[in-house]
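Before any comments, here is the structure.
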Amino acid sequence: CTFEAEDLVCVDIDLFVDYKLNAVVKVLRVQPDDNGGIKGYGCEFQGLTAAQEDYIGKYIYKVQSDQRQKEMAQELNF
């Protein structure tokens, strides 16, 4: 599927094992790759509840923390 700016899209995102987020996002921009294809999309969540926003924040914190730990472990091995 290809989306364009301003499209509204329903997405399912697995944030944690026990929480699957079903939300609507608005496509703000399409990011092309070097070959003219699509590399990704810039999106904005629409109409989230406070609980959904909290889960997203916790998920981002966990992913960033895991990445930092992995990077620190790699630095110690060099």
Side-chain angles (χ1 to χ4, degrees):
C1 254
T2 302
F3 304 105
E4 297 180 11
E6 302 299 316
D7 283 352
L8 293 176
V9 182
C10 184
V11 296
D12 290 320
I13 305 168
D14 291 322
L15 295 179
F16 292 103
V17 174
D18 64 336
Y19 190 80
K20 186 171 190 173
L21 175 68
N22 178 273
V24 174
V25 297
K26 180 179 181 180
V27 178
L28 301 177
R29 66 185 172 283
V30 179
Q31 185 176 357
D33 65 16
D34 294 335
N35 299 320
I38 296 174
K39 184 176 184 177
Y41 297 93
C43 299
E44 175 182 69
F45 288 101
Q46 303 285 301
L48 293 177
T49 66
Q52 289 172 319
E53 289 179 5
D54 187 50
Y55 266 101
I56 292 170
K58 288 178 181 176
Y59 179 78
I60 290 169
Y61 178 81
K62 181 184 180 325
V63 169
Q64 289 176 337
S65 178
D66 290 349
Q67 285 176 331
R68 279 192 294 271
Q69 288 178 355
K70 186 186 243 182
E71 289 169 2
M72 288 173 52
Q74 288 176 345
E75 288 174 10
L76 292 173
N77 289 332
F78 286 114

message = I'd like to know if D66 and K62 make a salt bridge, using a cut-off of under 4.0 Å between side-chain N and carboxylate O.
response = yes
message = Let me check something: do L8 and F45 share a hydrophobic cluster, defined by ILVMFWY side-chain heavy atoms less than 4.5 Å apart, either directly or through other members?
response = no
D54 side, atom CG; L15 side, atom CG - distance, nearest 0.5 Å = 11.0 Å
Residues 28-42, side-chain donor-acceptor partners within the protein, below 3.5 Å, at least two apart:
| from | atom 1 | to | atom 2 | distance (Å) |
| --- | --- | --- | --- | --- |
| D33 | OD1 | N35 | N | 2.9 |
| D33 | OD1 | G36 | N | 3.0 |
| D33 | OD1 | G37 | N | 2.6 |
| Y41 | OH | F3 | N | 3.1 |

query = Can you tell me how far OH of Y55 sits from CG of D18, rounded to the nearest 0.5 angstrom?
reply = 5.5 Å
query = Going only through I, L, V, M, F, W and Y residues with side-chain contacts under 4.5 Å, is there a path from Y59 to V24?
reply = no
ask   = Which pair of non-hydrogen atoms, one from L21 and one from Q52, has the smallest distance, and what is that distance?
value = CD1-NE2, 3.4 Å
